[in-house]
Amino acid sequence: MTTDELWNFAVACYAKPGVEAACLELQTAGADVCLMLTGAWLDCRGIARDEMRLAQLKEISDVWRSQVVAPLRSLRQGWRKQAANDEELAALRERVKKLELDAERVQLQRLQHATRHWTTKSRTTDWLERLCADLNGELHAPLEVLRRAANQLALGDD
């Protein structure tokens, strides 16, 4: 497993038709998109899901997201309106956006690292369903878009 395997999967999955919108819908409902992409990756790899593993990934993700990703996202979003009329601020906003993406890459690397010794080919996966169990809203449609795109990648079906 390369250090960027999950990152590469996430980037390819996110680029599939409909996935960006599905991820934004999941994010609006309270989902951590990096964690959802990790769940899709684990499902595709047939990694066994259990509550201890789930809790471990959530803890890693929650800490990094709350301390690093969320403050960058908040700053970037807070500048949206002003940056529309201020070229220098727009340039700074783009740099913050790049930092936010870099932070998400680190988050995915940490999540991948936590899974490095987990066994494959289990019948008990369902990571995506379990990750959405506590979220608000009807999320079947965006989950299905994400699941379909991930399965296409796993099958090498572009």
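What you see below is based on every heavy atom in this structure, not just the backbone, and it leaves out hydrogens, waters and symmetry mates.
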Participant: Please round to the nearest 0.5 Å and tell me the distance separating atom CG of Leu42 and atom CZ of Phe9.
Facilitator: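 Rounded to the nearest 0.5 Å, the CG-CZ separation comes out at 9.0 Å.
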
Participant: Please find the pair of heavy atoms, one from Ala150 and one from Cys44, that lie closest to each other, and give the distance.
Facilitator: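 Of all heavy-atom pairs spanning Ala150 and Cys44, the closest is O-SG, 3.3 Å.
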
Participant: Are a donor atom and an acceptor atom from the side chains of Arg116 and His113 found within less than 3.5 Å of each other?
Facilitator: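 A donor-acceptor contact under 3.5 Å links the two side chains.
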
Participant: Measuring from Leu6:CG to Arg105:CZ, what's the distance to the nearest 0.5 Å?
Facilitator: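 Answer for the CG-CZ pair, Leu6 versus Arg105, is 11.0 Å.
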
Participant: Hey, mind stepping through Arg110 and Gln107 against side-chain contact (heavy atoms from CB on, under 4.5 Å) and telling me if it holds?
Facilitator: CA-CA 5 Å; Arg110 289 174 179 219; Gln107 181 179 355; 5.8 Å; no

Participant: Would Gln112 and Asp4 count as a side chain to side chain donor-acceptor pair (under 3.5 Å) here? Give the steps.
Facilitator: CA-CA 8 Å; Gln112 179 181 317; Asp4 282 338; over 6 Å; no

Participant: Transitively linked via ILVMFWY side-chain contacts under 4.5 Å: Val69 with Leu131?
Facilitator: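 Looking at the clustering, Leu131 is in a separate group from Val69.
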
Participant: Which heavy atom in Ala10 sits nearest to a heavy atom in Leu108, and how many Å separate them?
Facilitator: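 Heavy atoms of Ala10 and Leu108 come nearest at CB-CD1, 3.8 Å.
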
Participant: Please round to the nearest 0.5 Å and tell me the distance separating atom CD of Glu51 and atom CD of Gln56.
Facilitator: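 Atom-to-atom, Glu51:CD and Gln56:CD are 13.0 Å apart.
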
Participant: Does NZ in Lys97 sit with more than 12 non-hydrogen atoms of other residues, nucleotides or ligands closer than 6.0 Å?
Facilitator: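 Open.
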
Participant: For residues Gly30 and Arg65, report the shortest heavy-atom separation together with the two atoms involved.
Facilitator: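 In this case the closest contact between Gly30 and Arg65 is O-NH1, 4.2 Å.
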
Participant: State, to 0.1 Å, how close Val68 and Ala103 come at their nearest heavy-atom pair, and which atoms those are.
Facilitator: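 Closest approach of Val68 to Ala103, heavy atoms only: CG1-CB, 3.7 Å.
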
Participant: Counting only heavy atoms not in Gln27, do more than 12 fall under 6.0 Å of its CD?
Facilitator: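 Enclosed: over 12 neighbouring heavy atoms sit under 6.0 Å from CD of Gln27.
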
Participant: Nearest heavy-atom pair of Leu139 and Ala29: which atoms, and what distance?
Facilitator: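 Nearest heavy atoms, Leu139 then Ala29: CD2-CB, 3.7 Å.
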
Participant: Quick check: closest heavy atoms across Leu89 and Ala83, and the distance to 0.1 Å?
Facilitator: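 Smallest interatomic distance, heavy atoms only, reads CD2-N, 3.8 Å.
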
Participant: Establish, for the pair Arg130 and Trp127, whether the NZ or CZ atom is under 6.0 angstrom from the six-membered ring centre and no further than 45 degrees off its axis.
Facilitator: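 Judged by the rule (NZ or CZ under 6.0 Å from the ring centre, within 45° of its axis), Arg130 is not positioned above Trp127.
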
Participant: If only atom types and distance count, is the side chain of Ser66 paired as donor or acceptor with the main-chain N or O of Val63 below 3.5 Å?
Facilitator: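 A pair under 3.5 Å: yes.
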
Participant: Apply side-chain contact (heavy atoms from CB on, under 4.5 Å) to the pair Leu92 and Arg95, showing each step before the final yes or no.
Facilitator: CA-CA 5 Å; Leu92 287 172; Arg95 288 170 58 192; 3.8 Å; yes

Participant: side-chain contact (heavy atoms from CB on, under 4.5 Å) between Leu37 and Val33: does it pass, once the steps are laid out?
Facilitator: CA-CA 6 Å; Leu37 289 164; Val33 172; 3.9 Å; yes

Participant: Going hydrophobic residue to hydrophobic residue with side-chain gaps under 4.5 angstrom, can you get from Leu101 over to Trp79?
Facilitator: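 Per the 4.5 Å side-chain linkage, Leu101 and Trp79 are not co-clustered.
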
Participant: To the nearest 0.5 Å, what is the distance between CG (Leu57) and CG (Asp62)?
Facilitator: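 Spacing of CG (Leu57) from CG (Asp62) equals 10.5 Å.
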
Participant: Using the rule given for side-chain contact (heavy atoms from CB on, under 4.5 Å), can you reason through Arg53 versus Thr115, listing the C-alpha separation, both sets of side-chain angles and the distance that settles it, and then say yes or no?
Facilitator: CA-CA 8 Å; Arg53 287 177 172 181; Thr115 70; over 6 Å; no

Participant: To the nearest 0.5 angstrom, please state how far the CD atom of Gln109 sits from the CD1 atom of Ile60.
Facilitator: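 With rounding to 0.5 Å, CD (Gln109) is 13.0 Å from CD1 (Ile60).
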
Participant: Quick check: is Val145 connected to Trp41 through a chain of hydrophobic side chains (ILVMFWY, heavy atoms under 4.5 Å apart)?
Facilitator: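 Both belong to a single hydrophobic cluster.
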
Participant: Determine, stepwise, if the pair Arg49 / Glu129 fulfils salt bridge (charged side-chain N to carboxylate O under 4.0 Å, His left out).
Facilitator: CA-CA 11 Å; Arg49 179 192 51 80; Glu129 291 296 329; over 6 Å; no

Participant: Is the shortest heavy-atom distance from the side chain of Asp32 to the side chain of Met36 under 4.5 Å?
Facilitator: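 No. Closest side-chain heavy atoms not under 4.5 Å.
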
Participant: Mark yes or no for whether Thr38, through its side chain, and Cys34, through its backbone, hold a donor-acceptor pair below 3.5 Å.
Facilitator: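 Pair found, side chain donor or acceptor close to backbone of Cys34.
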
Participant: Using modelled atom types and a 3.5 Å cut-off, is there a donor and acceptor pairing between side-chain atoms of Arg93 and backbone atoms of Arg76?
Facilitator: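 It does hold such a pair.
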
Participant: Give a yes or no on whether Leu153 and Val11 share a hydrophobic cluster (residues Ile, Leu, Val, Met, Phe, Trp, Tyr; joining criterion: side-chain heavy atoms under 4.5 Å apart).
Facilitator: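 The answer is yes; both residues are in one hydrophobic cluster.
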
Participant: Measuring from atom CD of Glu104 to atom OH of Tyr14, what distance do you get when rounded to the nearest 0.5 angstrom?
Facilitator: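 Answer rounded to 0.5 Å: 8.0 Å.
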
